[in-house]
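A quick write-up on the structure given underneath.
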Amino acid sequence: MAAPTTGRVAAPLTWRVARLVERRTETPTAQTLVLEVPGWPGHAAGQHVDVRLTAPDGYQAARSYSLAGPPEGDRIALTVQKVPDGEVSPYLIDVYAAGDPVEVRGPVGGWFVWRTEETAPVLLVAGGSGVVPLMAMIRARREAGSRAPFRLIYSVRTPVDVIYADELRRRTRDDQGLDVAYVYTREAPEGWRGEPHRVGLADVNTHGWPADLEPLCYVCGPTGFVETVADLLVGLGHQTRRVKTERFGPTG
């Protein structure tokens, strides 16, 4: 979806050379890469960047990755899920080394964004690695000292697939006004109530906000997941304009 028109002409996005300065393992298939990007202009929670690789023979491949948190000076964080047979993600996970260059362009996107001045309740619904831009919103909330109440419903296949597992546990304990609920689709942890299932009406009713509170809703994940959850939210009376969605495909 295109960004809203503001009446101002946006500066053209240019490719910048970024270098890897830190790597953190999140799951067996996902890692967070911290990049140094000289001259980075800043970004809002929910935006993304394009990452471009260039082979010695001149062949180029580019993919979009959500920014995983607020900027730290000229440093940005991307969480990359390795896609089997992908062109970019296997390189970033298995080959890309500290100090190596890649090109980045951004920030991109103005619709799927949470601004720290917002005070309305926020519902975040993530499927798999769709949690990345939503985690950026959670981190931005804490950094800004916002009191906007947040609820996250996070759907994953198994407990091992939870990205940011330790941090989410810590933030649920320490970040006042943040609640996190999990839905497991294939294997649930011991002691979890219920059977593995896909996100449904009961999950959204139980762990979401009622429509009369007019929350801002952000849904991110695979296309089918996003469409299902968005339909559930609208069916429960949430205003379409307050249900913001971001879809991703299998390319890597």
Side-chain angles (χ1 to χ4, degrees), residues 24-32 46 65-66 68-69 78-84 86 89 93 112 121-139 141-142 149-175 177-210 215-236 238 243-252:
R24 299 191 294 267
T25 297
E26 304 290 355
T27 74
T29 60
Q31 295 181 359
T32 292
Y65 291 102
S66 294
L78 312 177
T79 300
V80 178
Q81 180 89 48
K82 185 177 179 179
V83 177
S89 62
I93 295 291
F112 193 81
V122 174
L123 174 61
L124 311 172
V125 189
S129 60
V131 75
V132 177
L134 308 186
M135 192 63 174
M137 298 176 191
I138 291 172
R139 288 168 169 166
R141 172 186 182 270
R142 175 58 183 263
F150 270 42
R151 291 181 177 177
L152 168 65
I153 303 173
Y154 187 6
S155 174
V156 291
R157 294 178 178 178
T158 74
V160 172
D161 298 307
V162 176
I163 299 174
Y164 316 123
D166 291 341
E167 183 177 353
L168 284 171
R169 279 192 290 269
R170 185 177 71 253
R171 289 187 179 277
T172 303
R173 181 193 67 211
D174 298 339
D175 289 12
L178 170 65
D179 295 309
V180 179
Y182 297 93
V183 175
Y184 300 94
T185 62
R186 294 191 181 179
E187 177 187 333
E190 185 176 353
W192 189 68
R193 297 179 62 182
E195 296 294 327
H197 63 277
R198 297 184 182 277
V199 170
L201 181 61
D203 302 295
V204 177
N205 257 332
T206 301
H207 303 296
W209 297 105
L216 291 168
C217 303
Y218 298 86
V219 187
C220 186
T223 296
F225 172 89
V226 169
E227 291 177 350
T228 296
V229 174
D231 287 346
L232 288 172
L233 290 169
V234 172
L236 287 169
H238 293 270
V243 179
K244 303 187 179 188
T245 60
E246 185 102 314
R247 301 163 173 81
F248 61 77
T251 58

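- Rounding to the nearest 0.5 Å places CZ of Arg247 at 6.0 Å from OG1 of Thr223.
- The two residues Thr25 and Thr27 have their closest heavy-atom pair at CG2-O, 3.5 Å.
- Of all heavy-atom pairs spanning Cys217 and His238, the tightest one is SG-ND1, 3.8 Å.
- You'll find the side chain of Trp192 stays beyond 4.5 Å of the side chain of Pro159, heavy atoms only.
- For Phe225, there are no ring-ring contact (aromatic ring centres under 6.0 Å, His included) partners at least two apart in sequence or on another chain.
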Start with the C-alpha gap between Leu233 and Leu123, add the side-chain angles, then the distance that decides, and say whether side-chain contact (heavy atoms from CB on, under 4.5 Å) holds. CA-CA 10 Å; Leu233 290 169; Leu123 174 61; 3.8 Å; yes

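- Remark: the backbone N or O of Asp179 is not paired with any side-chain donor or acceptor of His207 at under 3.5 angstrom.
- With sequence neighbours excluded, no residue forms a side-chain hydrogen bond (donor to acceptor under 3.5 Å, both in side chains) with Arg170.
- Applying the side chain to side chain contact (heavy atoms under 4.5 Å, CB included) rule to Asn205 yields the partners Leu201, Leu236; only residues at least two apart in sequence or on another chain are considered.
- Lys244 pairs by the side-chain hydrogen bond (donor to acceptor under 3.5 Å, both in side chains) definition with nothing, not counting sequence neighbours.
- The side-chain hydrogen bond (donor to acceptor under 3.5 Å, both in side chains) check on Tyr164 picks up Thr79, with sequence neighbours excluded.
- In this structure, the side chain to side chain contact (heavy atoms under 4.5 Å, CB included) partners of Ala136, at least two apart in sequence or on a different chain, are Ala45.
- Heavy-atom minimum distance, Glu246 versus Val226: O-CG2, 3.5 Å.
- The minimum heavy-atom distance linking Trp209 with Val122 is given by the pair NE1-O, 3.0 Å.
- Counting heavy atoms from C-beta on, the side chains of Leu232 and Asp203 never come closer than 4.5 Å.
- Listed by first then second residue, pairs satisfying side chain to side chain donor-acceptor pair (under 3.5 Å) with a partner in residues 121-131 number zero, not counting sequence neighbours.
- Sorted by first then second residue, the side chain to side chain donor-acceptor pair (under 3.5 Å) pairs that include residues 151-162, not counting sequence neighbours, are Thr158-Asp161.
- Between Leu168 and Leu152, some side-chain heavy-atom pair lies under the 4.5 Å cut-off.
- Every residue two or more places apart in sequence or in another chain that forms a side chain to side chain contact (heavy atoms under 4.5 Å, CB included) with Arg142 is listed here: Arg171, Asp174, Asp175.
- Under the side chain to side chain donor-acceptor pair (under 3.5 Å) criterion, no residue pair touches residues 227-236, with sequence neighbours excluded.
- To the nearest 0.5 angstrom, Leu124 atom CG is 5.5 Å from Phe150 atom CZ.
- Of all heavy-atom pairs spanning Val162 and Tyr184, the tightest one is CG2-CE2, 4.5 Å.
- No side-chain heavy atom of Met135 sits less than 4.5 Å from a side-chain heavy atom of Ile163.
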Are Glu167 and Ile138 close enough, and set up right, to give a side-chain contact (heavy atoms from CB on, under 4.5 Å), and what steps lead you there? CA-CA 11 Å; Glu167 183 177 353; Ile138 291 172; over 6 Å; no

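- Evaluation of the side chain to side chain contact (heavy atoms under 4.5 Å, CB included) rule for Pro133 yields Ser66, Phe112, Cys220 as partners, not counting sequence neighbours.
- Every residue was checked against the side-chain hydrogen bond (donor to acceptor under 3.5 Å, both in side chains) condition with Thr185, not counting sequence neighbours, and none meets it.
- The minimum heavy-atom distance linking Ile153 with Val204 is given by the pair CD1-CA, 4.1 Å.
- Between the side chain of Thr32 and the main chain of Arg24, no donor-acceptor pair closer than 3.5 Å is present.
- Val183 places a side-chain heavy atom less than 4.5 Å from the side chain of His197.
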